K.L.:
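Starting off with a structure, shown below.
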Amino acid sequence: MADVFLSYKREDLAIAERLFAALREAGLSVWWDDRLTPQNSWDATIEGEIGAASTVVVLWTPRSVSSEWVRTEAHYAQERGKLVPVLLEECEVPIAFLLRQTIQLKGWNGDTTSRDWRKLLTWIGDLKTRTSSGAGQQNEAGAAKSNPFRNSIGKLPSGDPVVDGAFVNAATPAGTAFRDGNNLPVMRVISSGAFVLGSPFTDPDRTAVEGPQRRIEIPAPFAMSVYPVLATDYREVMGQSPVPVSIDSTPLASVSFDDAQTFIEKLTKLTGENYRMPSETEWEYACRAGSRTRYSCGDRIDSTLAMFGAAAGPIAAGTFRPNAFGLYDMHGNVREWTADLWHESYDFTPLDGTPALDGHGSMRVVRGGGWCDDATLLRSAARMRATQSVRSQFIGLRIV
């Protein structure tokens, strides 16, 4: 089984040969059709090699986009989740692949130290990891298996490496922690999956707004900030914090929903990445981290597990151990805005993980409980609400 199946147009043989040699030099096994003859069963051989390869690297050029064979190989690879598109020359990429992340190697001269070349190797390494470890689901420690082509740029207090967000791609394993710049939020990749939203009737603290329970499908991986947005994160993007803080690692508070949206818009512009507010269902999925209990840590919580029931706060983020997805302070410390408009039940909640935005109103869903709350409001299913213009010392945010 090859690590890489190389798909290209014959007229691009010279650049394909250069890529083939560089991939082999990086320690990857590569299959390409340079040795196929008319005597071979061409389509059966290619289909078998694509099926066996961990990755299909498609080289887009003005010649290859018009090739029926290259397009077919790209479709076949995309359907199997192993396509890595590489743009070698400016051209009109087929419409079916326009929304795919694409490695830019226009004008590549064979420099194996270039950032774009390293992005290609990292993506291939992620797909190899997924192939060797199965579906690549989040493990209980939160951390992901390392990729030999991706370097660490820092570490979390847990010891988990933090990597450069530029080398994170659609195949990056769940559990990978990354950041898109110095002093910007550390994010962690969360796997796709399903869970039951809301609380059961057996929960003694259940309220009517926590139902009816619904099965929610999170269809694709996403990344969520490891901590609530910190004062330092906000200051890096906005230039100042909304209120003075004495500890840089303190979660941001006294920030309205509208303030939070402005922060997210500026962060998106600064990094070129698609940051946004989590939906309520994404938030609960990430908070539960595979658990079915009242809290991610079990059916009870105390002051050794979260910050709550206090006369003053918040405290430094990450003081308590993370949940199974490697996220800190999902219970307590600060409440967190979500994107959803407030509704009195889950009757209007989409089943695909997107936010509930039908209707009108200025109330948004708030989750997680804060330093001033009692334990009932820290439950994974507990719901709160706030007017989106309010600035409360109890409310901060988390981003995806």
Side-chain angles (χ1 to χ4, degrees), residues 101-105 111 113-123 125-126 142-144 146-190 221-245 247-253 255 259-278 282 286 316-318 322 325-329 334 336-337 339 396-400:
Q101 181 181 2
T102 302
I103 300 295
Q104 303 288 331
L105 284 183
D111 179 9
T113 66
S114 76
R115 196 169 179 82
D116 290 317
W117 176 255
R118 290 178 55 210
K119 288 181 181 180
L120 174 60
L121 293 182
T122 303
W123 196 344
D126 283 337
S146 62
N147 182 328
F149 301 116
R150 183 188 289 116
N151 298 326
S152 169
I153 60 171
K155 287 187 177 182
L156 290 170
S158 61
D160 292 351
V162 178
V163 302
D164 186 340
F167 299 100
V168 172
N169 56 73
T172 298
T176 300
F178 67 92
R179 70 190 329 158
D180 288 317
N182 292 333
N183 299 320
L184 294 182
V186 178
M187 311 295 291
R188 196 180 296 267
V189 179
I190 308 296
F222 63 99
M224 177 172 272
S225 53
V226 170
Y227 306 108
V229 170
L230 306 179
T232 48
D233 301 331
Y234 193 89
R235 191 160 57 240
E236 180 72 14
V237 175
M238 305 298 291
Q240 62 181 5
S241 296
V243 295
V245 293
I247 305 174
D248 281 345
S249 57
T250 299
L252 180 71
V255 57
D259 294 335
Q261 289 287 63
T262 299
F263 166 79
I264 290 169
E265 289 168 6
K266 288 198 173 184
L267 179 61
T268 295
K269 185 176 181 180
L270 177 67
T271 62
E273 301 296 339
N274 183 29
Y275 284 91
R276 57 181 175 81
M277 197 86 72
E282 287 174 329
F325 281 176
L327 305 176
Y328 292 84
D329 295 333
V334 291
E336 298 171 6
W337 291 109
L397 75 148
R398 197 178 294 260
I399 53 177
V400 301

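Excluded from the calculations below are hydrogen atoms, water molecules and symmetry mates; all remaining heavy atoms, backbone and side chain alike, are included. Please read these numbers as outputs of a predicted model, since none were measured by experiment.
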K.L.:
Please round to the nearest 0.5 Å and tell me the distance separating atom CZ of Phe222 and atom CE of Met224.
P.N.:
5.0 Å
K.L.:
Is it true that Asp164 and Lys119 make a salt bridge, defined as a side-chain N closer than 4.0 Å to a carboxylate O?
P.N.:
no
K.L.:
Heavy-atom distance under 4.5 Å between the side chains of Glu265 and Thr268, does that happen here?
P.N.:
no
K.L.:
What pair of heavy atoms forms the shortest contact from Ala177 to Val186, and how long is it?
P.N.:
CB-CG1, 4.3 Å
K.L.:
Do you see a donor-acceptor pair shorter than 3.5 Å between the side chains of Asp116 and Ser114?
P.N.:
no
K.L.:
Ignoring hydrogens and geometry, is there a side-chain-to-backbone donor-acceptor pair from Thr250 to Ala316 under 3.5 Å?
P.N.:
no
K.L.:
Indicate whether any N or O donor in one side chain lies under 3.5 Å from an N or O acceptor in the other, for Tyr234 and Asp259.
P.N.:
no
K.L.:
Looking only at atom types and distance, does a side-chain atom of Thr122 sit under 3.5 Å from a main-chain N or O of Phe149, one as donor and one as acceptor?
P.N.:
yes
K.L.:
Between atom CG of Asn169 and atom CD1 of Ile103, what is the distance when rounded to the nearest 0.5 Å?
P.N.:
7.0 Å
K.L.:
Once side-chain contact (heavy atoms from CB on, under 4.5 Å) is applied, do any residues pair with Ala223, and if so which ones, sequence neighbours excluded?
P.N.:
Phe178, Met187
K.L.:
Can you check whether Val226's main-chain N or O pairs, donor with acceptor, with Arg188's side chain at less than 3.5 Å?
P.N.:
no
K.L.:
With side chains defined as the heavy atoms from C-beta onward, is the minimum distance between Ile190 and Leu327 less than 4.5 Å?
P.N.:
yes
K.L.:
Give a yes-or-no answer on whether the side chains of Thr172 and Asp126 include a donor-acceptor pair shorter than 3.5 Å.
P.N.:
yes
K.L.:
Over all heavy atoms of both residues, which pair between Trp337 and Val255 is shortest? Give the atoms and the distance, please.
P.N.:
NE1-O, 2.9 Å
K.L.:
Looking at Pro185 and Arg179, what are the two nearest heavy atoms and their distance?
P.N.:
O-CB, 3.6 Å
K.L.:
Which pair of heavy atoms, one from Pro228 and one from Asp233, lies closest together, and at what distance?
P.N.:
O-OD2, 4.4 Å
K.L.:
As an exercise, state the distance from CG of Leu184 to CD of Glu273, rounded to the nearest 0.5 Å.
P.N.:
11.0 Å
K.L.:
Thinking salt bridges, do Arg276 and Glu282 make one under a 4.0 Å N-O criterion?
P.N.:
yes
K.L.:
By ring-ring contact (aromatic ring centres under 6.0 Å, His included), which residues pair with Tyr227, not counting sequence neighbours?
P.N.:
Tyr328
K.L.:
Does the distance from a Lys or Arg side-chain N to an Asp or Glu carboxylate O, for Arg398 and Asp329, drop under 4.0 Å?
P.N.:
no
K.L.:
Can you tell me how far the CG atom of Leu252 sits from the CZ atom of Phe263, to the nearest 0.5 Å?
P.N.:
7.5 Å
K.L.:
Hey, does Leu105 have a side-chain heavy atom less than 4.5 Å from the side chain of Trp117?
P.N.:
yes
K.L.:
Can you tell me how far apart OG (Ser152) and CG (Asp160) are? Round to the nearest 0.5 Å.
P.N.:
10.0 Å
K.L.:
Can you see which heavy atom on Tyr275 is nearest to which on Thr271, and at what distance?
P.N.:
CE1-OG1, 3.4 Å
K.L.:
Begin from the C-alpha positions of Leu397 and Glu336 and carry the test side-chain contact (heavy atoms from CB on, under 4.5 Å) through to its verdict.
P.N.:
CA-CA 4 Å; Leu397 75 148; Glu336 298 171 6; 5.5 Å; no
K.L.:
Taking everything shown except Asn182 itself, do over 12 heavy atoms lie less than 6.0 Å from its CG?
P.N.:
no
K.L.:
To the nearest 0.5 Å, what is the distance between CZ on Arg118 and CG on Leu120?
P.N.:
12.5 Å
K.L.:
Please report the closest heavy-atom contact between Val400 and Pro278, naming both atoms and the distance.
P.N.:
CG1-CB, 3.7 Å
